[in-house]
Amino acid sequence: MRGFIAVLRKEAIHMRRDKGTLRLALGIPVFQLILFGSIDTNVTLVPTAVFDQCRCPESRALLDELAATKTFRIERAVPNREELRAAIVAGDARVGIEIPPDYGRKRLEGTQATFLVLIDGSDNTIASQSLAAIDGWALTRSLEDLQARTGAGALPVAPRPQILFNPDTRSANLLIPGLIAILLTFSGTLLTAYAIVRERERGTLEQLMVTPVSSLEMILGKLVPYLVLAFVQLVLVLFCMHVFFRVPIHGSVLLLAGLSLIYLTSLLALGLMISARSATQIEATQAAQGVLLPSIMLSGYIFPLSSLPAPLRVLSEALPATHFVAISRGIIIRGAGFDDLLREVVALAVISAVLLTASVVIFRRKRL
Amino acid sequence: MKTTGEARADDRYGIEVRGVSHDYGPVRALRDVSLSIARGTIFGLLGPNGSGKSTLIRILCGLLRPTSGHAFVDGIDVTREADAVRKRIGYVPQRFSLYEDLTVLENLNFFARVYGLSGPRLLERRDWVIELTGIGPYRDRLAGALSGGWKQRLSLGAALMHEPRIVFLDEPTAGIDPVARRALWNLLFDLSAGGVTLLVSTHYMDEAERCSRVGYLYLSRLLVEGEPEDLVRLPEITPAGTRRVEAAIDGNPAPVMRSARALAYVREVTIFGNSLHLLVPSTIDDEAIQRDLSAQVPVDVSIRSIAPSLEDVFVRLTALQEDGPPAAKETAR
């Protein structure tokens, strides 16, 4: 216990004295949140090229209505099909529209008028949303025309969709709760990744090892001050999310703060485990990177967990980020309570306990 | 004490090493070293770089587990109860190992607390250490901003906060100036007078001569161990029918050294500043040596008989190891 207090006080002095690191530790997550949080994942204003062979009022109406969806921005007109294709290959346009010479005539006759749409398949998000927008427009236009022509009344079926939790589909509201989990993974793991190996490199660990301080006291004494720092980080990041990006928190802020302590503990323990194993700071950095990339790819932040193959899902379950992405989204977006998140909370607690035990065991094995 | 008959410590000794060997993978760092150091003595551990000095000290501090053998520190088996040993020893590593971004007082406080001191007891011990080391004027300075000599005194001070009975110092005077060296040694004498057992590794012969006992490690073996006065009288240092002479040279000793090496009767020659130490047969007199040495080089050479120094002892023992028959100790393995 005394050893724990001694190590804790020492670490607090180190932290206070190293103002540069302190500033970076607090500034970087906030900076990154502001940087990445402003990404809009809704697809709008896709650059579009047009090869219009009809040049009639009907073709102009088509283009105006497509532009009005805000999904497309008609940027250029080209004189032939080759150039339409070339514009997409060159990346100048993502979508190309070719309107045949008889488009206007067929629209007036009431026979089926076709037009060609070229879609750049190299970006999946843009391709699928562009296709959906075109399809949606064509269907709506067709139905309205048929209704006018046949004099039919209301449509036979009409859904009344209601999007829960994020009615105006602001992408910030969806992106940022997950982003927070990822940003904290980086800063939290790296905070402690150097805590032991730095002392090993500087030689101070040798002196510490001959004292009666126990491995548990060492690990906890190093963890607690960083936990305080990481918690301050979290509060700052939540504050920015709420104030700058106006993301509403539908659940309990206290619950989020409390559960984040478990998450931060698991991250710091992971950093300490890496630090206890590593011989040099470079080695620790590399080991940390080995964990951080999977945290982005496999945590459900980018790809839905359901799209991961079974072995990767097991790995995903072992990552603290996976569970906090779920907790953060649950509380912030859906207003979930403790009971709803019990499974994630238990998983995080188990991961924390395993990582802490592992750090102590690894550290102890390096001395007699 | 839960140690059994075979491995019981002898209470007269602060440090006892019995048949300790240590391997770093395929490299043998220590070979069957045995050593007994009485309480309250200053033991000097000598030997070239890589001879195993640091390895032995690290084993005694409980930082390394020996491959075989037993070591007792303050009566406790380090290989079995490293934790109990840690409370009783102080260790000053070769490299400065305190926190450079903490002040002198913060460093002392930290090590005191790690050893469980607090409150008035901590302050009392801290005052004692500050008084002993004289580091008071620098108490609020960052340790990283201290000079080499003060860093070493702070290291020693931190290692003494918990009143250890045994203190290990691994080349404590490497890289510090002569005045600071002397100050540190005076500190060590004070501690030894207070009953503390000290084990000091060093490269410096003058420091070795200040120790109450010395041991010489060479290529992972303890070649010899004893009081300096006894070591210089060892028969193999100055074999029967030989004597040691000093040739003081008025000028550059290097050419004279070459002449000395060319002489068939010179058994051993070492350079000491502006003079040479020679091991020669007793039958050759001073005049003959003087004549032979100045025959090739026109310099004044004066010859006188001398007793061997500790350095002569170690040079001779090293030479015997390298080209002579294996020493008796080697057959033990």
Side-chain angles (χ1 to χ4, degrees), chain A residues 1-25 194-222 224-226 229 276 279-281 360-361 363-368, chain B residues 54 57-66 71 73 77-103 105-119 122 142-144 154-155 158-159 161-162 164 166-168 170:
Chain A
M1 185 59 191
R2 281 187 175 159
F4 164 68
I5 301 284
V7 175
L8 189 146
R9 288 172 80 155
K10 169 184 88 75
E11 291 297 322
I13 299 175
H14 287 318
M15 203 184 274
R16 213 171 54 219
R17 228 150 256 171
D18 191 1
K19 292 241 162 45
T21 304
L22 202 59
R23 248 177 247 136
L24 282 180
Y194 303 120
I196 294 170
V197 70
R198 195 192 295 127
E199 290 216 30
R200 189 171 285 141
E201 277 192 346
R202 291 187 185 165
T204 53
L205 197 60
E206 173 110 342
Q207 186 81 66
L208 210 47
M209 291 293 218
V210 296
T211 70
V213 65
S214 77
S215 306
L216 183 66
E217 287 172 328
M218 264 289 284
I219 294 290
L220 290 182
K222 282 190 174 282
V224 171
Y226 286 106
L229 180 63
T280 61
Q281 297 195 42
V360 174
V361 169
F363 186 67
R364 184 174 292 152
R365 228 187 310 155
K366 300 248 173 180
R367 78 198 268 185
L368 285 189
Chain B
S54 293
I57 290 181
R58 300 186 80 237
I59 286 173
L60 291 172
C61 289
L63 287 169
L64 274 180
R65 198 185 291 279
V73 172
D77 190 343
V78 192
T79 57
R80 292 184 193 178
E81 292 174 81
D83 280 329
V85 167
R86 287 190 187 109
K87 295 192 180 78
R88 297 156 184 255
I89 60 163
Y91 171 47
V92 180
Q94 202 167 346
R95 185 175 153 197
F96 181 67
S97 297
L98 302 189
Y99 298 96
E100 304 215 334
D101 56 337
L102 262 55
T103 65
L105 279 189
E106 285 165 346
N107 267 300
L108 293 178
N109 287 344
F110 171 65
F111 283 99
R113 289 197 189 104
V114 159
Y115 283 102
L117 301 183
S118 59
L122 187 153
L142 293 182
L154 175 58
S155 290
M161 285 299 284
H162 58 295
I166 319 280
V167 178
F168 299 93
D170 196 358

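Naming: A, B, ... by sequence-line order, numbering from 1 per chain.
Here Asn107(B) contributes atom CG and Asp101(B) contributes atom CG; the two are 8.5 Å apart, rounded to the nearest 0.5 Å.
In terms of the ring pair (Phe, Tyr, Trp, His ring centres under 6.0 Å) criterion, residue partners of Phe110(B) (sequence neighbours excluded) are, by chain and number, Tyr99(B). Under the salt bridge (Lys or Arg N to Asp or Glu O under 4.0 Å) criterion, Glu217(A) pairs with no residue at all, not counting sequence neighbours.
Between chain A and the options Gly116(B), Ala158(B), Cys61(B), heavy-atom pairs under 4.5 Å are most frequent for Gly116(B). When Arg9(A), Arg202(A), Met1(A) are compared by the number of non-hydrogen pairs under 4.5 Å with chain B, Arg9(A) comes out ahead.
Side chains of Lys222(A) and Lys10(A) form a contact here, defined as non-hydrogen atoms less than 4.5 Å apart.
Residue contact with chain A, scored on non-hydrogen atoms closer than 4.5 Å, involves the side chain of Ser118(B) exclusively. Of the atoms belonging to Phe96(B), it is backbone heavy atoms, and not side-chain ones, that fall under 4.5 Å from chain A.
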